[in-house]
Amino acid sequence: MTLLRSLSTPTLPLQTARSVGRQNQAIVLMVLLSGIIIGGLGGRLVHLQLVDGDRNRQLAETNRIRLIPKPPERGKIFDRKGRILAGSRLSHSVYLQPLTQKKADWHKTRQRLADILNIPVQAIERRLAEEGYRSPYMVRIARGVSPQKVTALEEYRAELEGVEVDAEAMRDYPHGDLGAHVIGYTGEMNDQELQRRQGKDYRLGDVIGQMGIEAAFEQQLRGEWGGQQVEVDGAGTVLNVLGEKETRAGKDVTVTLDLELQKAAEAALGIQKGAIVALDPNTGAILAMVSRPGFDPNLFTTHMSDEKWKQLQSQDQPFLNRVLQSYPPASTFKIVTTTAGLESGKFSPQTVLNTYPSLHVSGVDFGEWNHAGFGPQGFVGAMTWSSDTFFYQIGLGMGEKPLIEWTRRYGFGQKTGIELSAEESPGLVPDALWKQKQVKQAWFVGDTVNMTIGQGYLEASPLQVAGMFAIAANGGYRVKPHLLKENATAQAWRQPLNLRSDTIRLLREGLRGVISTGTGQALNIPTLPPVAGKSGTAEDMGQGSHTWFGAFAPYDKPEIVVVAMGEFSGGSGGSVTAPMVRQVMEAYFKPKQTKAKAQQHR
Amino acid sequence: MIPNSHSSTSTPNRVMFRKSKPVLPPYLKGLLQPWKDMDWLLFTVPICLTILGGLMIGSVEANAKLTDWWRHWITGSIGIGLAMLIARWRYDQLLQWKWWVYGITNGMLLLVMFFGTEGLGAQRWINVFGFYLQPSEFAKLGIIITIAALLHQRSASTIPMVIKVLTVAGIPWVLVFVEPNLGTSLVFGAITLGMLYWGNANPGWLLLLVSPVISAILFNMLLPVWGIGIAAIALWIALVGVIAWKTLPWKTYGTFAPVVLNLVAGGLGRFLWEFVLKDYQKDRLMMFRNPEQDPLGGGYHLIQSRIAIGAGEFWGRGLYKGTQTQLNFIPEQHTDFIFTAIGEELGFIGAAAVLLAFLLICYRLLVIAQNAKDDFGSLIAIGVFSMIIFQVTINIGMTINLSPVTGIPLPWLSYGNAALLMNFLALGLVESVANFRQRLKF
């Protein structure tokens, strides 16, 4: 070994060339430094584990730390005049300490709790399972508990270890089902929703906006959680507040809706399945929005019984905001056909065409709605009488290209930009490409003919139709429908369609004619300023037709657009939905006229 | 005089520390010949820590399946193997490769910026054939090697050399900082300062180097306290002036500039704190001082970690028996908060043993630094020392509410493949320094 080693040792002595680490006894300093640092950590351990060990052991052992989260108070929702649409009221919630269920008499506690609160035992277990049995958080198992139940809980306090009652602000909708779809509702979020919002200050059982304004403005409305970390004794009494964080209340939101007009629109639609929307054609501000069937959003703030839920579900999709769903727009769409015909340059403003009982196009008969025709008509007359065969000829003359292009320019086939975009259907503007893909057929002339009168594959939401009427009303500008009163970007958004003045004039005169002599005479009444509008009846095999009526007023200087749509209502737009529009218009203009009269009399 | 510790006949007057050699049967002796002069104590302690780490990770995960604890042992075994290989390989070959090492380090950090996987709000991981690597971990070793090689050529006793080292360390530092990975960038800082000090830089310069940071902290802490606070700040600035006067070559400007710089830094720090930093950012930085202020958020876990360690008392609650650990009250417990589990389940005995183990590692690293045959080896050992002591201090400090939460892992104990592997690579390199400390052997 020695030999081997000496052999392997090079003969050249290696000079230790180390020059570093020599200053000021660096090595001693470094050793001391390590000792001091690690000793310091050790000192802290001595303090935590040996000096304070017993106390820390106790804190850990009995797990005497409780987290009591305090939910923030949700912001209120006001209408444009500051009247409350959604607020809060104080109510009681019942909380449970998850570790309670490890105790021997848990099944008794559980049963008693279920009896008093009138909820199934499984519901309690489910909530605990969701939160995790070991969670340090108190779990809320019931909200909106009545005073009687709170008294009962007090009475059985001895049996209800680990149960706590706390006051909590609950969402309150003072007007019940009024504007339920647009205002929306709040409800506790479930496990899946929580996962989606992980890390955004949400916790299980958190109340969030589930629909409408409540969901769209969740960020502003919700506020910030606060809470306390407390030390408690065996009986759950708070001994010591270890830390506290203030809750931050949510911000109030003021919307463009007008409570009075909303009420009128609710009454106008009555029990008819369908939708009504009213907006300001100059800004896009939505004044009223109704959808039927409806529901009472207050139902969601407390535990909903299964019967109630079943009853709600038995109606045809009560949670659907039909203002934002799409239907064939029917004859209201003749506004777009008129625009496309004139703007394409294929037809002059002086165009007069004969109308017929029916038109034969490539082997198919396309009928006139009155099965007779209206004789020779210009654009204004054709609009007034809603002549189908006139517009068929316009469509045939210009071809599908300009029609589809102008349909898109009017905002169809895309979301309007309203804050409720999550619930909004973009509708459908069919074209050759779409048809090939979806129907596996080429585009036929018949498709163009159908589209001229708003039928066929075309689909539009009442809100999009209202946007179309707004363009005719305001002289050719697309506006952005919006609900937030302070939505400056939406208010400023005005997209000119660059329509010729003749086009605007003919459109407006035609729509005025509908009211003064045509299908919309229901609105030709002295209590209203001059109105312009258009009816629509979308034929639907079997279930009855969808009926439409859209109108704006005053004719010279429009302030309001109202669109009403009856889903499978049967009848015609002029007879079913025109009176609804009239009712809303009357409610809008009545206070103004009385005010004007009062000023005259003075 | 040549230090010659293995030969009993020579006088080891330059050797401050001697270690006893294990007595082995002859056949093993032959087998272990290439590793004959390795520091076995330094090698064994990290292995024990790795074994303990696996056990504790297993305990943390008994109730929360986050990852498989045995992976820690697998990665550890690979690390041990690599360390053994490196230990018999001549470390001074790295001298010629220093710019390669430096280039690869920066290249990987750049790569992670563009192709990295996001995690915990930062670009940190890079996917190499299905393995997630964290280049910032390997970059620690990269800058140790580069700085050691630089200071080997010329020591840091001149200011231009100090500036050169700072510039070289600055590039990977910036790359890590923008990830953003504050924890690792702090480790870089600690490594650089430690190596500069060992590399004969004037301690006054190093103090001046960190003085703006101290000023920023002091201004924020003391300025609101009028009277005594102002006096203390004045005293500190005066001290900076004196140090600058004493240590910098250009007396007038040399004194003036650091004083002004410190006043500006202090003011800027105050401004940042008051007007730029948002409340939640301040909260995060200061949470460890007062975890009670956010009892439902991050503060909750800090309080729980402290209680958990305290509850361990002297003997601990026993493996798998810590209520805080088993109930998963503490987040990231298998990585950054592994010491909490040790404190609770193994008690003061276990926690103190871990501290002693780290102290032992630090001590042996310093011994190797002292006995290395050249500056390069000596500086490598000091770089690794700086890294270990800093990470241990900040990590354990965090679990007992002494330092802020920065996401620095505990060497050999925290779960994390890249960090564990890098720690063993560093160990192997230092063992090579120990192995070749006095002469060429083969």
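Numbers restart at 1 for each chain; the letters A, B, ... are given by sequence-line order, proteins then strands. All values below were derived from every heavy atom in this structure, side-chain atoms included, with hydrogens, water molecules and symmetry-related copies excluded. Fair warning: this is a prediction, and the values are worked out from it, not measured in the lab.
Within the 4.5 Å cutoff, no side-chain heavy atoms of B/Ile396 are placed close to those of A/Leu45. Proximity of A/Met30 to B/Phe385: side-chain heavy atoms (C-beta onward) are separated by under 4.5 Å at one or more points. Put simply, the side chain of B/Glu313 does not reach to within 4.5 Å of the side chain of A/Leu50, judged on heavy atoms. No side-chain heavy atom of B/Met195 sits under 4.5 Å from any side-chain heavy atom of A/Val20.
Atom CD of residue A/Gln49 and atom CD of residue B/Glu344 lie 10.0 Å apart, to the nearest 0.5 angstrom. Note: A/Ile38 CD1 to B/Phe358 CZ = 8.0 Å, rounded to the nearest 0.5 Å. Residue B/Thr393 holds its OG1 atom at 5.5 Å from CG of A/Leu41, rounded to the nearest 0.5 Å. Atom CG of B/Leu151 sits about 9.5 Å away from atom OG of A/Ser19, to the nearest 0.5 Å.
At least one donor-acceptor pair closer than 3.5 Å links the side chain of A/Arg44 to the backbone N or O of B/Ile400.
A/Gln220 CD: more than 12 foreign heavy atoms inside a 6.0 Å radius. Shown here is A/Arg110, whose CZ atom has more than 12 heavy atoms of other residues, nucleotides or ligands within 6.0 Å.
Listed options B/Gly347, B/Ser155, B/Ala352 were ranked by heavy-atom pairs under 4.5 angstrom with chain A; first place goes to B/Gly347.
Within the 4.5 angstrom heavy-atom criterion, no atom of A/Val51 approaches chain B. B/Leu359 touches chain A through backbone and side chain together, each having a heavy atom under 4.5 Å away. At a 4.5 Å heavy-atom cutoff, the contact between B/Ile382 and chain A is made by side-chain atoms alone. The part of B/Ala369 that comes within reach of chain A is its backbone (N, CA, C, O), which places non-hydrogen atoms under 4.5 angstrom from that chain.
When every heavy atom of B/Phe348 is checked against every heavy atom of A/Gly42, the shortest pair comes out as CE1-O, 4.1 Å.
Just one of B/Leu360, B/Leu366, B/Val392, B/Ile361 meets the side chain to side chain contact (heavy atoms under 4.5 Å, CB included) condition when paired with A/Ser34; it is B/Leu366. Residue B/Ile307 is tested with A/Leu48, A/Asp52, A/Asn56 for a side chain to side chain contact (heavy atoms under 4.5 Å, CB included); the sole match is A/Asn56.
Every side-chain contact (heavy atoms from CB on, under 4.5 Å) that B/Ala190 has, sequence neighbours left out, goes to B/Phe390. Not counting sequence neighbours, the partners of A/Asp166 by the salt bridge (charged side-chain N to carboxylate O under 4.0 Å, His left out) test are A/Lys70.
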